[in-house]
Asks: 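One structure, pasted below without further comment.
Remember, it's a predicted structure, so these values are computed and weren't measured experimentally.
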Amino acid sequence: MTNEPAPTPARRAPAGAAVLREDVTEAIRAAVVEELAAVGFARMSIEGIARRAGVGKTAVYRRWKSKLHLVLDLVAAFAADGLPVPATGSLYGDVRALLEVMSHVLRHPVASAVIPDLLVEAARNPEIADAVRGALLDGQKRLAEGIVAEAVARGELPESTCPERALDLAIGPLYWRQVVVRDAVPAGYLDDLARSVVAGLKADTA
């Protein structure tokens, strides 16, 4: 009889460490968009999302701890975060490209349904305010900083130019028109707005 060591049993994944299936995650995200369109953010519930996605509530809570975090994840997915800084070769061209991207973002049904509600929630809760800032503003701020830096390098703007001022001039009117007033963007509007933003930035340094 040999004294060979017993074979080591195969290691198991710890209980509760199930791999999150991507198809389930995508089904939940699609259900959120549908639920938002049907009932709005205030009346949206994890139960309704799970039912629409054809999964249990546990599947949703494994991925997001609340409906707010779920929606923030969706908003971040189509916001400006991760987009390359425009590189058209001119300040006007770069601002115009930024406006095109942001107009597209604000036309998204999730944005139009959720952003106003998120801003109300953010006013009540500092934790939510930080999350909203990260989801909505950080990517836009990065783009504005890149645009201003390139314009400074080309000699179109001085080094003292404030990227946040550029962002305010560009995005403020778009947000007012598309999210607050909910007016369509007429032909030529983005061109005119880009010219106004460039003129405003240059006037600040005149």
Asks: Got a sec: does the CD of E164 have more than 12 other heavy atoms crowding it under 6.0 Å?
Replies: no
Asks: Measuring from atom CG of L193 to atom CZ of R177, what distance do you get when rounded to the nearest 0.5 angstrom?
Replies: 9.5 Å
Asks: Please name the pair of heavy atoms, one in A59 and one in V24, separated by the smallest distance, quoted to 0.1 Å.
Replies: CB-CG1, 4.4 Å
Asks: Can you tell me how far apart OG1 (T88) and CD1 (I147) are? Round to the nearest 0.5 Å.
Replies: 8.5 Å
Asks: Just wondering, do D94 and L98 contact through their side chains at under 4.5 Å, heavy atoms?
Replies: no
Asks: Between R63 and D73, does any side-chain N to carboxylate O distance fall below 4.0 Å?
Replies: no
Asks: Is it the case that the side chain of K67 and the backbone of M44 share a donor-acceptor pair, with hydrogens and angles ignored and the cut-off at 3.5 Å?
Replies: yes
Asks: Taking atom types as modelled, is there a side-chain donor on S90 or E156 under 3.5 Å from an acceptor on the other?
Replies: no
Asks: Before accepting this row, confirm whether a basic side-chain N of the pair R195/D192 lies closer than 4.0 Å to the acidic partner's carboxylate O.
Replies: yes
Asks: Can you spot which of L143, T161, V95 makes a side chain to side chain contact (heavy atoms under 4.5 Å, CB included) with V148?
Replies: T161
Asks: Are E47 and R51 ion-paired here, with the side-chain N under 4.0 Å from a carboxylate O?
Replies: no
Asks: Determine whether D183 and Q178 make a side-chain contact, defined as any pair of heavy atoms from C-beta on separated by less than 4.5 Å.
Replies: no
Asks: Evaluate the side-chain proximity of Y189 to P173: yes if any heavy-atom separation is below 4.5 Å, no if none is.
Replies: yes
Asks: Is I49 close to W64 at the side-chain level, that is, under 4.5 Å between some pair of heavy atoms?
Replies: no
Asks: Less than 4.5 Å apart, any side-chain heavy atom of V39 and any of E35?
Replies: yes
Asks: With side-chain contact (heavy atoms from CB on, under 4.5 Å) as the criterion, how do L190 and R96 come out once you've worked through the C-alpha distance, each side chain's angles and the decisive distance to 0.1 Å?
Replies: CA-CA 7 Å; L190 296 183; R96 178 62 177 78; 3.6 Å; yes
Asks: If you draw a 6.0 Å radius around CD in E159, do more than 12 non-hydrogen atoms from other residues or ligands fall strictly inside?
Replies: no
Asks: Regarding R107 and S103, is there a side-chain donor-to-acceptor distance under 3.5 Å anywhere?
Replies: yes
Asks: As an exercise, state the distance from CG of L99 to CD1 of I171, rounded to the nearest 0.5 Å.
Replies: 6.0 Å
Asks: With salt bridge (charged side-chain N to carboxylate O under 4.0 Å, His left out) as the criterion, how do R142 and E145 come out once you've worked through the C-alpha distance, each side chain's angles and the decisive distance to 0.1 Å?
Replies: CA-CA 5 Å; R142 178 186 59 80; E145 289 171 347; over 6 Å; no
Asks: Atom CG in D191, atom OG in S196: separation rounded to 0.5 Å?
Replies: 11.0 Å
Asks: Locate the shortest heavy-atom distance separating G200 from L169; write the atom from each residue and the value.
Replies: C-CD1, 4.3 Å
Asks: First locate atom SG of C162, then atom CG of D168, and finally report the distance between them rounded to the nearest 0.5 Å.
Replies: 7.5 Å
Asks: Distance from K65 atom NZ to L70 atom CG, nearest 0.5 Å?
Replies: 13.0 Å
Asks: So which heavy atom on A53 is nearest to which on A27, and how close?
Replies: CB-O, 3.7 Å
Asks: Between A97 and P86, which heavy-atom pair has the shortest distance, and what is it?
Replies: CB-CB, 3.8 Å
Asks: Report yes if the side chains of Y175 and M102 come closer than 4.5 Å at any heavy-atom pair, otherwise no.
Replies: no
Asks: How about R154: does its CZ atom have over 12 heavy atoms from other parts shown lying under 6.0 Å from it?
Replies: yes
